[in-house]
Structure formats: C-alpha cells, structure tokens
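The structure presented is a predicted model; accordingly, all values stated were derived computationally and were not measured. Residue numbering restarts at 1 for every chain, and letters A, B, ... go by the order of the sequence lines.
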Amino acid sequence: MLRFNPEQMAERVAQDIPDGAYVNLGIGIPTKVSNYVAGDKQVIYHSENGILAVGPAPAPGEENPNLINAGKQYVTLLPGGCYFDNAESFAIMRGGHLDIAVLGAFQVSATGDLANWATNNDKFPPAVGGAMDLAVGARKLFVVMRHTTRENEPKILEQCTYPLTGTGVVQRIFTDLAVIDVTPDGLRVVELFGENTFEEVQALTGARLLPPA
Amino acid sequence: MIDKRVNSFKDAVADIPDGAVIMIGGFGSSGIPLKLIEALRQHGATGLTIISNNAGVAEEGIASLLRDGLVSKIVCSFPRSAGSIWFEKRFEEGSVELELVPQGTLSERIRIAGAGIGGFLTPTGYGTRLAEGKETRVINGKGYVLELPLPADYALVRAECGDPWGNLVYNTAGRNFNPMMASAARVTIAEVNSIVEVGGLNPEHVVTPGIFVDRLVAEEVDHAQV
C-alpha cells in the first residue's frame, strides 16, 4: 500500500485550503501545511496566543522571544497582521470566525467525534490547550493523522476509546492512505492515494466506510 | 498623587502570603514576568495556587516555584511541554493538584472575574471529561457548559512599557493572558522593560488601562540597584 509521509500528508491538506481563508494550524503535521499552500493563494494564519497573519520563521539572529506561535516556535508577522489578547483570540476561535482548523488526532469516530488531548493513562499528566475551543468553533475542522497507530491498530473507530475533545466536530480526515469525509450517512472515502483500494483501507479502519461516490 | 512605581522586584512581592492565589501571565516562553517570579521564589511563600497557561520548563519561571515546593495547586491549560520536568515530577508524586482548563475557557474565566460577570455558557468541552460535574444547558440545539469566574489575590504580569499610573503596552504576542489577569486580581503587579512619564504613552496604544495595575517595576530600575 502507498503510505504518504508527513510532508505528503501536509501537501494534500494544503490543496483543500482555499484562497482567502482564515486558518488555524495545530501542532505537528498541521503546522507543515502552510509550507505547501500554493503561492497564488492568500491565506491568513491565526495563532491561538494572539496573532493574525503569522509569517514564516525569522532569519537567525532576528528572533523576538515574545513572537512565537502556539507550538512555541519563533515566527514573524506579515504586513497587515495584528496582535490581540488571549480572550479575544479565543473569541475568534470559539465564535466561528475561522474558516478552517487543522488538528492532529489520536482517534476520530464514525460521527466525527475527536479525541486528541488525553490517553487513558492517568499517570501521564493531561494537557488540552486550545484543542477543545478549536474543535467547537472553527467552521470546518480537518484532521490530519496516520490511518493506524504504530501497532497498526485503527485510529478511525465507531466510537473513540480515548477521552473526547469534542463530539461531532470533524468534517474531513486526511490520513496517510486516503481522504475521508464525515457525512450524515457515515464515513465516505473521497480519495484513495496511489493504487490503494477501498477494501485495503476498510481493513485498516475500525468503522464502516462508504465507497467513493 | 498617583505613582505606582516600586523600587525593586523584592519589594513588589513582599506582602504575598502563604496560600495566595496568584495569576502569572505568559504563553510558552513569551510575555512571562520572570523577574517577579524569581522574587516570589526568593520571598518563599508556600502553598501557592498558580493560575497560568503553562507550568514552566527547565529551571525557570513557574518551574522554579514547583522545584522549590512552593506550589500546591496549578490551574492551567497546557502544563506539559518539552522540558516541563518539575511539573511532571510534582504531579507524579501527587504534591501538586492540577485543574486542567481548556485555554479559551481559562482566559474567559479570568476575563469575567475582572469584568464582574458571574459565569458564562461555552460550547467548549461539552460532552467531554472536562465538563463532568458542571451544569450544562442546551440552547437552540447546541450544548453549553456553565463556567464560573476565576479571580486571584495577586496577578504578576509582563508588559513592554508602562507609566507611573500603571498604563501598559505590550510586545507582540507577549500580550497573551496579561491584560485579563491584570483586571482579575485584587493586587496586580506589572514587570516592564521601561517606564515613561505620565502622558508618554500614546493613549490609542494603551492596552491595559492603569486602573487595573497596582504596582509597577522596571528592569532598568532593578539593574541600577545592583
């Protein structure tokens, strides 16, 4: 089977980011998406700590220690960008003003439930950050994640077994094998990468899939 | 005559008692009042409740308070980061209680504490473990969780520049939680890079009105004393 690497996964997500969109990218593979958005599209990136129009990493020596993104990496501000406090930043997120949020996930359910903030290991301290606010607030929520765990267990399930981040919040799942939409009818495969077949992807999925329309 | 300037970081935190509830501004490494935290650590008050987005990394900031055993409870959204060794150690041994709050709920609970609001209904966390035990309500088919204000005894905030009346301007994303925290504590102490004379800040640029700030300490003043 063809398994996309994280760069290819990010590149595929970037194809679905339209010109003019206000977008929040989560930590990890989602952060890479901005590297692949075509140069003729104008996309404004929001960072939860209080930035609109996040620019690329600064040149070495040009870093401002205050100017970081949600992943704590140094960034810059594009002309036209602005700063605001955290409560206003989350009003942007919760209030439905962002067009798209892209998040990583541990698990997604057949009805679009998202689990991405905690495992069932109570000894491991949990951390939630802004994930729950983005999950309920963004107009569209894209999840990008490997189709299975390292142990080849499915991450797309009828019901999540990890604690939920939000219920019925995911619209589209980009994995390393396929693109899958959460629809009122169920999970519909909309794209299979390379020569991957529907049956192969279904065999690695813990929920029933609908074939491409 | 109003002049909120204090001569040293040590003096600024000298009255903080054991068991105080303290807000500390910052997000990741950005906009943290590190000198006030170091003064608080040396001051040595114990049994503190710390309200902050993160729990500090390495040996700096909130991590140093955890290391020294001064913290009994932490209220935050993202305690675990690369290098948050002292939080993880204290959490594992059970000496620090954690109240985990989604980030937007944390900033809004702080904001309403400063704004005199008794609670708010948020969709964030509805149907999740973080809403367990909380009142919920369905409005127009959408579920909401009742969240209550989160006030504090003290707020330690970080700004770029202030004036003797306590008006503050910030540096880029260093603003983060600082403005809400400044409004939500009984005593707000601001650490700034520099202090200008009254009237020296463009009033259109002031982010935190001075009425929210009680004490102001500048790095340069402290350096001069050393």
Which portion of A:Ile51 sits near chain B, non-hydrogen atoms under 4.5 angstrom: side chain
Note, B:Thr124 side chain near A:Arg94 side chain (heavy atom, < 4.5 Å): yes
Region of A:Asp113 that comes under 4.5 Å of a non-hydrogen atom in chain B: neither
Donor + acceptor pair across side chains of B:Gln103, A:Asp133 (<3.5 Å): no
Any side-chain heavy-atom pair of A:Leu67 and B:Ser30 under 4.5 Å: no
Leading residue by heavy atom contact count with chain A [cutoff under 4.5 Å; candidates B:Gly28, B:Pro123, B:Gly127]: B:Pro123
Validation row: B:Thr105, A:Phe90 side chains within 4.5 angstrom (heavy atoms): no
B:Pro102 versus A:Met132, closest heavy-atom pair with distance: CG-SD, 3.8 Å
Heavy-atom check, side chain of B:Arg129 versus side chain of A:Leu164, under 4.5 Å: no
Which atoms of B:Phe91 approach chain A - backbone, side chain, both or neither, heavy atom under 4.5 Å: side chain
Side-chain heavy-atom pair A:Thr165, B:Thr128 within 4.5 angstrom cut-off: no
Close side-chain approach of A:Pro126 and B:Leu98, heavy atoms under 4.5 Å: yes
Separation between CG of B:Asn176 and CG of A:Asn49, rounded to the nearest 0.5 Å: 7.0 Å
4.5 Å side-chain heavy-atom contact, B:Asn171 and A:Tyr83: no
A:Lys72 and B:Phe27, any side-chain heavy atoms less than 4.5 Å apart: yes
